[in-house]
Amino acid sequence: MEKTYDPKHIEQDLYTHWENQGYFSPQDNNKASYCIMIPPPNVTGTLHMGHAFQDTIMDALIRYHRMKGNNTLWQPGMDHAGIATQMVVERQLNAEGKNRHDLGRDKFIQRVWDWKETSGGQITQQLRRLGASPDWSRERFTMDDGLSESVKDVFIQLYDEGLIYRGKRLVNWDPVLHTALSDIEVIAEEEEGFMHHVMYPFVEGEGFMEIATTRPETILADGALAVSPNDPRYSAFIGKYVWVPMTERKIPIVEDDYVDPEFGTGCVKITPAHDFNDWEVGQRHKMEIINLFTPSAIMNNNAPEAYRGMDRFVARKKILEDLDAAGLLVKIEPHKLKPPRGDRSGEIIEPYLTDQWYVKVAPLAEPAIDAVKTGRIKFVPDNYKNMYFSWMNDIQDWCISRQLWWGHRIPAWYDDVNNEIYVGKTEADVREKHTLGNDIILRQDEDVLDTWFSSALWPFSTLGWPEKTEALKTWYPTNVLVTGFDIIFFWVARMIMFGLKFMDGEVPFKEVYMHGLVRDGDGQKMSKSKGNVIDPLDVIDGITLDDLLVKRSSNMMQPHLAKKIKKATQRQFPNGIPAYGTDALRFTFASQASNGRDIRFDLQRIEGNRNFCNKLWNAARYVLMQTEGKDVGLNKNEKIRSLADDWILSKLQKTTQAVSKHFANYRFDLAAKALYEFTWHEYCDWYLELSKPILFSDQTRDAEKRGTRHTLVQVFETLLRLLHPIMPFITEEIWQTLKPLSGQTGDTIMLTPYPETETTLINTEANQQLEWVKTFIIGIRKIRAEMDIKPSKALPILLQNWTETDKQHFEHHQIFINALAKIERADWLTEESNAPEAATALVGEMKVLIPLAGLIDKATETARLTKAIEKIQKGLSSLAGRLNNPNFTDKAPTKVVEQVRQQAEQQKVALAQLEEQLTKIKAM
RNA sequence: AGGCUCGUAGCUCAGUUGGUUAGAGCACCACCUUGACAUGGUGGGGGUCGGUGAUUCGAAUUCACUCGAGCCUACCA
């Protein structure tokens, strides 16, 4: 093995080997199954920190259960990302001076498929770099044949049951992408804008009604003015008419509860075709509905001639000028508003009147709510269910049609002559089903379905539904969904609804683990436009500052931010990012994954965990050096275990127990912590050091050496298996080297059983004794450090106030103490004998004395003792305070009182010892 | 407006059903190239747990109020 750990040299080859060997496929159909569906990443997507975090968690769970012996499937795949993918290919066409209409639908779709084959799905390659172990042989794509069939089946069934319908109503319309969007694809964030106050003249008599609006251009399509029914200012005007400014139209003044008399002027213009609320009001009052816009949000022929052909924002300017000129513009005030923007295009969305397909969700939502209420689906952390309920209880119908070409085309045909809609798998099916002769011309709906419609089927469509496949039987319902809370409505809720509907009331997953967001070092959300994203591969492979700057400033959506981004990057990564390797990154993610909290990306934490890898690596080197070519006790030769052996075996069991518990609770942070603590502070800091005197000394017997070598290897090999789900590469690499010494015979650590706790090895006695040894050693080390005594200097020690047990412990374990505390010799003082001037350490009630002669400064020891005494006194006074309080002794459980009493006793003795020593030293 | 989360050492975070003197990693200080590891070893300094109040023998932990940060949902004419 190399002297230092270098992830670059090991990771990629191991991964290729694993994949080629088919280790990622389910192993044994007779075992209990375990299944996770990957949230299908977007086919246009590339790996970001959020994926890396999420995939680390899923892979850890998968590897853990695979090693536990479950018949484990991690189902990979991607979704076709309708809008995003179409945009990518359209951009390419634009660059060639063409658009999709030049190609026509079929050729365009072919072009998208070509793009998908050559450039799509980069992310699956990147996933491999993370060590992810899904069954690639089962990879699915939402647009592949099988999944497309499922989509049709679902659509047809829902239509037949009346749960899918076609309707003309307002939708969120993206005037740039020319498609409808569902509510959750629209983002409303606060922006600076204006409130315009406009007067509408009365048709009869003098005077005006004043309204306030943020969208003056829609005045042209007003259907009424509305006031609150109980507003005394306006009650006299209800039923009267006003002129719509800049038009020849008269509209009534109506009363409606929708109006808040406190807001603005208390009088609202109602524009049914261009506002969702106004639409409702319009329906109630049967108003004229005027649509002003073309699909590109350009004024159409319904607008007065002066405005026709103008973009909506140009028209706004123009109408404001005209209103002003007509003396109808009262004032314009700055106003904060939240314009709805499309999450893909970033354009302001228009409420727009079109024909669309909808899913009637209320009937589907009911059982979906119930599944969570009754605990058949559990959210982790639990509180996310509130979010789920609040949305599900007030769910809106889902607009599923999209005016795109890339996607699942809606399986509906129109007979324009008879104005009929037929839904079926193919045109032929439809004709047969409805006995339509060839003389009837059918036209298929031009639109495609929302990508999330197919994603909602993911947990069962990937397993072969609607066929009743073996895979479905084996892995549905899946065990856990690992995802971010941001798609709880987009995806999680819809999978639950469709799963219950189409899988005979069976939930798609039993648990939903919600992880937090990965933020940058300043706690900012990472986003491409902010230029603060980090490519996980750059953390794995490293990147120079210059390259990082180039990467972050190319392809920017807002070039004016370039300077700011450059500065922030230079501040956060003055030296770029060193190559930390996948295992360090994964371990860091795991150690941050607590209770769904957001995590901050912190290079120093990754560095610490890279060092942890190095520690593990070097421990392996030590183990190898001590065992390679030697008798490691795999034969029948006698083995004697030392105290250290018993102790580390016991600690190992505790660690195994803890890790299992934490995996079960999705507390990867605690699992990682337990493993770190054991590896570094128990195995390396103590056990390896304690093994040295046994292995290096000529005083110890072969059987003892053999016992220690055996423990050394066995514990380490077990540790590797414990760590493997989190750090797959380094553990496999070392494991392969260690395999012959450990007696393991498997081909790979990833298919070797996960360690189980062996309760018989939990050894309280050994633990207590080793604690005694540690206290002894630490006591002497402290004196050395504080007295500036070189570690190389062997010390004579004196023992005072000891018990027979102390003496026995010392005699049995002297070999450890000698080696780790470097003792020259030890003298056991009787009660009568006088000790010389010495520095003191306590082991229980026993005093360990190091004579000062020539080594130690009296003043330093005095100060040291004083400090120790003060510390104990402080603790003691708090303990005594409680014991002297009758309320405490009467009311607290006796167990606690007893504990405190004992504690106080011990402290008193220790205090007495130290005080005695202090008096002595002072007197000398 | 309603709901949720968070506020613990300089930084990033743990803290299980309230119970010893509140922990870890990183950073910091001192010493040490000791035969796995300087990506290391040994020892050390550092916080009273956002604030106020309440419950309790006992509160970082429960409750109320409050300040600050963030998120979600709804409304914003």
Side-chain angles (χ1 to χ4, degrees), chain A residues 1 3-5 188 195 211-215 226 258-260 263-271 275 277-278 335-338 381 383-384 386-387 390-391 394 485-486 488-489 516-517 519 521 523 525 578 584 591-592 594-605 607-626 661 665 667 669-670 673 676-677 681 684-685 688-689 692 696 778 781-786 788-792 822 871-872 874-879 882 885-893 895-897 899-900 902-904 907:
Chain A
M1 284 175 77
K3 192 173 168 184
T4 37
Y5 161 67
M195 183 68 84
I211 59 97
T213 179
T214 55
R215 300 203 58 191
Y258 161 68
V259 182
D260 173 4
F263 193 92
T265 62
C267 174
V268 189
K269 72 191 225 32
I270 301 296
T271 321
D275 182 282
N277 289 308
D278 290 8
H335 178 73
K336 283 192 185 19
L337 68 161
K338 291 184 190 170
N383 47 288
Y384 279 108
N386 297 329
M387 203 165 144
S390 70
W391 191 70
D394 187 31
F485 65 90
D486 46 332
I488 189 166
F489 309 136
L517 231 58
R519 299 172 173 278
K525 205 163 157 174
S591 67
Q592 303 244 81
S594 103
N595 263 336
R597 257 180 86 141
D598 284 358
I599 63 177
R600 282 195 197 205
F601 177 75
D602 181 2
L603 270 195
Q604 291 189 311
R605 243 179 125 148
E607 185 182 336
N609 290 325
R610 192 272 321 266
N611 294 351
F612 177 61
C613 292
N614 186 57
K615 190 75 182 172
L616 191 70
W617 185 264
N618 279 291
R621 289 180 60 231
Y622 172 79
V623 174
L624 271 175
M625 273 178 208
Q626 300 313 323
K661 185 178 112 193
N665 294 331
R667 287 303 301 268
D669 60 327
L670 298 180
K673 199 176 173 184
Y676 186 98
E677 170 72 17
H681 299 306
C684 291
D685 284 352
L688 290 190
E689 296 307 322
K692 287 175 185 176
F696 296 165
I778 289 169
R781 278 179 181 170
K782 280 187 183 174
I783 293 173
R784 275 185 192 278
E786 283 169 59
D788 246 341
I789 304 170
K790 293 227 181 282
S792 51
K822 201 115 196 197
K871 202 174 166 190
I872 294 187
K874 202 178 136 203
L876 198 56
S877 70
S878 129
L879 292 171
R882 283 197 281 166
N885 181 354
N887 279 329
F888 174 68
T889 46
D890 294 350
K891 293 184 184 170
K895 204 177 125 194
V896 174
V897 177
Q899 215 177 6
V900 173
Q902 268 178 27
Q903 193 71 35
Q907 300 280 36

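Reminder, nothing fancy here: chain letters follow the sequence lines and each chain counts from 1.
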Under 4.0 Å, counting only non-hydrogen atoms across every strand here, what does [X] touch: a base, just sugar-phosphate, or nothing?
X	value
A:D260	base
A:Q902	nothing
A:V623	nothing
A:T214	sugar-phosphate
A:N277	sugar-phosphate
A:K822	nothing
A:E677	nothing
A:R597	sugar-phosphate
A:C613	nothing
A:L670	sugar-phosphate
A:S390	nothing
A:M195	sugar-phosphate
A:R600	sugar-phosphate
A:K895	nothing

Does a side-chain heavy-atom distance below 4.5 Å link [X] with [Y]?
X	Y	value
A:F888	A:V896	yes
A:F489	A:M387	yes
A:R882	A:T889	no
A:D669	A:K673	no

Nucleotide [N], atom [atom2] - distance to [atom1] of [X] in whole Å:
X	N	atom1	atom2	value
A:K874	B:rA22	NZ	P	7 Å
A:F612	B:rC37	CZ	C1'	13 Å
A:R781	B:rC32	CZ	C1'	12 Å
A:I488	B:rU5	CD1	C1'	14 Å
A:R784	B:rG43	CZ	C1'	12 Å
A:M625	B:rG35	CE	P	11 Å
A:L688	B:rU42	CG	P	12 Å
A:I270	B:rC76	CD1	P	11 Å

Centroid distance under 5.5 Å and plane angle under 30°, A:F696 vs B:rG35: yes
Does any nucleotide pair with [N] by Watson-Crick or G-U wobble geometry, both distances under 3.5 Å, and what is it?
N	result
B:rU62	B:rA54
B:rG2	B:rC72
B:rG47	none
B:rG10	B:rC26
B:rC31	B:rG41

Give me the distances for all protein-to-nucleotides 25-27 of chain B N/O pairs that come in under 3.5 Å?
{"residue": "B:rG25", "atom": "OP1", "partner": "A:H681", "partner atom": "NE2", "Å": "3.2"}
{"residue": "B:rC26", "atom": "O2'", "partner": "A:Q604", "partner atom": "OE1", "Å": "3.3"}

Measure from the side-chain heavy atoms of [X] and tell me the nearest of [options].
X	options	answer
A:N386	B:rC4, B:rC72, B:rA24	B:rC4
A:R610	B:rU42, B:rC13, B:rU39	B:rU39
A:C684	B:rA36, B:rG23, B:rG43	B:rA36
A:K338	B:rA14, B:rA74, B:rC4	B:rA74
A:A785	B:rG43, B:rC4, B:rG70	B:rG43
A:A619	B:rC57, B:rA36, B:rC72	B:rA36

Donor-acceptor pair present, A:E689 side chain and B:rA36 base, under 3.5 Å: yes
Can you pull every protein N or O that's under 3.5 Å from an N or O on nucleotides 16-20 of chain B?
{"residue": "B:rU20", "atom": "O3'", "partner": "A:R882", "partner atom": "NH2", "Å": "3.1"}
{"residue": "B:rU20", "atom": "O2", "partner": "A:Q903", "partner atom": "OE1", "Å": "2.7"}
{"residue": "B:rU20", "atom": "O2", "partner": "A:Q903", "partner atom": "NE2", "Å": "3.1"}
{"residue": "B:rU20", "atom": "N3", "partner": "A:Q903", "partner atom": "OE1", "Å": "2.7"}

Pairing residues for A:R597 by the salt bridge (charged side-chain N to carboxylate O under 4.0 Å, His left out) criterion, not counting sequence neighbours: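 Expected list: none.
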In whole angstrom, give me the gap between the [atom1] atoms of [N] and [M].
N	M	atom1	value
B:rG23	B:rG44	P	14 Å
B:rA24	B:rG46	C1'	14 Å
B:rU62	B:rG19	C1'	15 Å
B:rA59	B:rG15	C1'	14 Å
B:rA14	B:rA22	C1'	11 Å
B:rG45	B:rA36	P	30 Å
B:rA9	B:rU61	P	15 Å
B:rC29	B:rU48	C1'	24 Å

Minimum-distance pair of heavy atoms, taken over all atoms of A:Q592 and A:I599: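 Heavy atoms only, the tightest pair is O-CG2, 3.2 Å.
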Atom of A:Y5, atom of A:N614 and distance for their closest heavy-atom approach: N-OD1, 3.3 Å
Along RNA chain B (nearest heavy atom to each residue), the more 5'-positioned of A:W617 and A:N595: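 It is A:N595 whose nearest nucleotide is closer to the 5' end.
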Give a yes/no on whether any side-chain N or O of [X] is located under 4.0 angstrom from OP1 or OP2 of [N].
X	N	answer
A:K790	B:rC32	yes
A:K615	B:rG41	yes
A:S594	B:rA14	yes

Interatomic spacing from CG in A:N609 to CG in A:D602 - rounded to 0.5 Å: 10.0 Å
Polar contact flag, side-chain donor to acceptor under 3.5 angstrom, A:R621-A:N618: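 A pair is found: one side chain offers a donor N or O, the other an acceptor, under 3.5 Å apart.
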Lys NZ or Arg CZ of A:K692 over A:Y622 ring: under 6.0 Å, within 45°: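 Judged by the rule, A:K692 and A:Y622 form a cation-pi pair.
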Any donor-acceptor N/O pair, A:R519 side chain to A:F601 backbone, under 3.5 Å: no
